[in-house]
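Since we're looking at a predicted model, the values are computed, not measured.
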Amino acid sequence: MSAFPAVAHAPAARSPIKVLVADDSAVVRGLVSRWLGEAGHEVVATAPNGRAAVDALARCNPDVVLLDIEMPELDGIQALPLILAKQPGVQVVMMSTLTQRNADVSLRCLALGAVDYIPKPESNRGVTTSDGFRNDLIERIRVFGAARARRRPAPTAVEAAASATPAAPAVSRLSGTVTLRPKPRTVAPPRVLLIGSSTGGPRAVGEVLEKIGAATLRRLPVLIVQHMPPVFTAVFAEHLGARIGLPAAEGKADERIQPGRIYVAPGGRHMRLSGSAADTVIRLDDGPPVNFCRPAVDVMFLDAAALYGGATLSVILTGMGSDGTAGARALVEAGGTLLAQDEATSTVWGMPGSVAKAGLCHAVLPLPEIGPALRNAIAERV
């Protein structure tokens, strides 16, 4: 199921986003090229394998590369570092079918510098008939193409020195009007860490947890909603466990949560919580999507607010849309603490931007600062 609503794709008003499509299927290359053209973008080159994609970079200078994982001669994971080395800053989106191997490869590609992945139907017929795949693909091109277009060459040392100004508070780094909430009056020891994320989230979540550290994370359970399809969430949990050094897995129905464990909402199911703060049980829900998402951050946040109140510590990381805002409101009204990732370090400042602009955050921080801030909050309140 698509994580995004169906949208009408009017021709782009600005300069078209330039896309290179690399896939070994001529049918897929043709369909994707047609869809992107209808949406107002420009497919500047197509390639049947990774080698041809690398060779095409210099002559077509794309904003976004759609890179299939399984290709002859040079596959996606082999081509990715060559593409990024040859054209730094290009936005690479991986495409793969929903298999455990491809999920593992996709997540490794994110660690190597790809900005996102998109699940691809298993057959050419599935590609042809899947509105969800088409909508997700076009939305990602729009978002990442715009991000690429906003990038500017880094200033020289002389230019940087000439424009240097005294350091400003964190809020000045944000776009739009952002109001930070005051710290909770009564600071309760946190009993759970909640994380919500979407586009760009796998890499961000791993960095945050790694900077908190296994020793600190052993004091409380970690519950994560990352917008991902089935299969991918199980592999994502395995990657987190190996990276952090703690048990990590998809949440299971009727499972009692324990400190020192990481629970990832399984793809395609909401992860709900019941019981009490002292004895919390996971419930899996096949109900309708919330904010076009299943699992949804809002669902977990709302249940956690009712169970834990002011003992919640939560963070919204990079992602499209506004999932998490309603749940975040309930959390902070119950006395919990909420952090959000800032715009400059977010792959997409949709979800964190929504809670920040709603005035629900106690702090809006760059990604490298979020882990230490959470570590300090856990350590200070125990």
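- Follow the hydrophobic side-chain contacts under 4.5 Å out from Ile257 and you reach Met300 in the same cluster.
- Applying the salt bridge (charged side-chain N to carboxylate O under 4.0 Å, His left out) test to Arg142 and every residue at least two apart in sequence or in another chain returns Glu139.
- Partners of Glu238 under the salt bridge (charged side-chain N to carboxylate O under 4.0 Å, His left out) rule, at least two apart in sequence or in another chain, do not exist in this structure.
- Using a 4.0 Å cut-off between charged nitrogen and carboxylate oxygen, Glu70 and Arg101 count as a salt-bridge pair.
- Heavy-atom minimum distance, Ile69 versus Asn102: CD1-O, 3.8 Å.
- Residues Leu313 and Val192 form no side-chain contact, since every pair of their non-hydrogen atoms from C-beta on lies 4.5 Å or further apart.
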Test Leu82 against Leu74 for side-chain contact (heavy atoms from CB on, under 4.5 Å), laying out the working first.
CA-CA 10 Å; Leu82 300 178; Leu74 197 69; 3.8 Å; yes
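- Checked against salt bridge (charged side-chain N to carboxylate O under 4.0 Å, His left out), Glu207 has the following partners two or more places apart in sequence or in another chain: Lys211.
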I'd like to know whether Thr128 forms a side-chain contact (heavy atoms from CB on, under 4.5 Å) with Leu31, so could you lay out the CA-CA distance, the side-chain angles of the two residues, the decisive distance to 0.1 Å, and finally the verdict.
CA-CA 7 Å; Thr128 303; Leu31 281 171; 3.3 Å; yes
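- The shortest distance between side-chain heavy atoms of Thr233 and Val231 does not fall below 4.5 Å.
- Residues Val43 and Leu20 have side chains not in contact (no heavy-atom distance under 4.5 Å, counting atoms from C-beta outward).
- Residues Pro230 and Leu98 approach most closely at O-CD2, 3.9 Å, considering heavy atoms.
- Scanning for side chain to side chain donor-acceptor pair (under 3.5 Å) contacts around Gln78 gives an empty result, with sequence neighbours left out.
- Using a 4.5 Å cut-off between side-chain heavy atoms of Ile, Leu, Val, Met, Phe, Trp and Tyr, with links allowed through other members, Val28 and Ile138 fall into the same hydrophobic cluster.
- Heavy atoms only, all atoms of each residue included: Thr312 and Gly336 are closest at OG1-CA, 3.3 Å.
- Inter-residue side-chain proximity for Val93 and Val115 is flagged as met; some heavy-atom pair is nearer than 4.5 Å.
- Side-chain contact check for Pro202 versus Leu107: some heavy-atom pair is nearer than 4.5 Å.
- In this structure, Asp298 has no salt bridge (charged side-chain N to carboxylate O under 4.0 Å, His left out) partners at least two apart in sequence or on a different chain.
- Within the 3.5 Å criterion, the main-chain N or O of Thr345 finds a donor-acceptor partner in the side chain of Gln341.
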Please evaluate residues Thr97 and Glu122 with respect to the criterion side chain to side chain donor-acceptor pair (under 3.5 Å), reporting the C-alpha separation (whole Å), side-chain torsions for both, the decisive distance (0.1 Å), and the verdict.
CA-CA 6 Å; Thr97 53; Glu122 293 184 9; 6.0 Å; no
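- Considering every non-hydrogen atom in both Thr325 and Ala358, the closest pair reads CG2-CB, 4.4 Å.
- Between the side chain of Gln91 and the backbone N or O of Gly89, at least one donor-acceptor pair lies under 3.5 Å.
- Under a hydrophobic-cluster definition in which Ile, Leu, Val, Met, Phe, Trp and Tyr are linked whenever side-chain heavy atoms come within less than 4.5 Å, directly or via other members, Val315 and Val297 are assigned to different clusters.
- For the side-chain contact (heavy atoms from CB on, under 4.5 Å) test, residues two or more places apart in sequence or in another chain that qualify with Leu302 are Ala330.
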Begin with the C-alpha distance, continue with both residues' side-chain angles, and end with the deciding distance and a verdict on side-chain contact (heavy atoms from CB on, under 4.5 Å) for Ile118 and Arg140.
CA-CA 9 Å; Ile118 180 169; Arg140 280 167 167 82; 4.1 Å; yes
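- Under a 3.5 Å cut-off, the side chain of Tyr263 and the backbone N or O of Gln258 do form a donor-acceptor pair.
- Proximity of a side-chain donor or acceptor of His270 to a complementary backbone N or O of Arg294 within less than 3.5 Å is not detected.
- Shown here are the side chain to side chain donor-acceptor pair (under 3.5 Å) partners of Ser322, two or more places apart in sequence or in another chain: there are none.
- With hydrophobic clusters built from ILVMFWY side chains whose heavy atoms lie under 4.5 angstrom apart, Ile370 shares a cluster with Ile195.
- Salt bridge status for Asp285 with Arg272: present, with a side-chain N to carboxylate O gap under 4.0 Å.
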Given the rule in the side-chain contact (heavy atoms from CB on, under 4.5 Å) test, do Val235 and Gln100 qualify, once you have shown the distances and angles that lead to the verdict?
CA-CA 7 Å; Val235 176; Gln100 185 168 358; 3.9 Å; yes
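- Side-chain N or O atoms of Ser354 include none that pairs as donor or acceptor with a backbone N or O of Gly350 at under 3.5 Å.
- Other members of the cluster containing Val281 do not exist, because no ILVMFWY side chain is joined to it at under 4.5 Å.
- Not one N or O on the side chain of Ser197 forms a donor-acceptor pair closer than 3.5 Å with the backbone of Leu317.
- Both Ile282 and Phe301 are members of a single hydrophobic cluster when ILVMFWY side chains are connected at heavy-atom separations under 4.5 Å.
- Taking Ser274 as the reference, Arg283 meet the side chain to side chain donor-acceptor pair (under 3.5 Å) condition, with sequence neighbours excluded.
- In terms of heavy-atom proximity, Cys60 sits nearest to Ala45 at SG-CB, 4.0 Å.
- Residues Val92 and Ile83 are in side-chain contact: their nearest non-hydrogen atoms beyond the backbone lie under 4.5 Å apart.
- Legend: residues meeting side-chain contact (heavy atoms from CB on, under 4.5 Å) with Ala277, ordered by chain and number and at least two apart, are Arg191, Tyr308.
- Within the 3.5 Å criterion, the main-chain N or O of Thr337 finds a donor-acceptor partner in the side chain of Ser314.
- For the pair Val222 and Ile212, the minimum side-chain heavy-atom distance is 4.5 Å or more.
- Between Ile316 and Asp323 the shortest heavy-atom distance is CD1-O, 4.5 Å.
- Although no hydrogens or angles enter the test, the distance criterion places a donor-acceptor pair under 3.5 Å between the side chain of His362 and the main chain of Leu338.
- Taken from CD in Glu210 to CG in Leu217, the straight-line distance is 11.0 Å, to the nearest 0.5 Å.
- Lys120 and Asp23 are joined by a salt bridge, as a carboxylate oxygen and a charged side-chain nitrogen come within less than 4.0 angstrom of each other.
- The ring pair (Phe, Tyr, Trp, His ring centres under 6.0 Å) test applied to Tyr117 returns Phe232, not counting sequence neighbours.
- Between Arg51 and Asp55 there is no salt bridge, since no side-chain nitrogen of the basic residue lies less than 4.0 Å from a carboxylate oxygen of the acidic one.
- The main-chain N or O of Val348 is found under 3.5 Å from a side-chain atom of Thr318 such that the two form a donor-acceptor pair.
- One N or O on the side chain of Asn376 and one on the backbone of Pro372 form a donor-acceptor pair closer than 3.5 Å.
- Two residues are said to be in side-chain contact when any heavy atoms from C-beta on lie closer than 4.5 Å; Met351 and Ser198 meet this criterion.
- Under the side chain to side chain donor-acceptor pair (under 3.5 Å) criterion, Arg256 pairs with Asp279, sequence neighbours left out.
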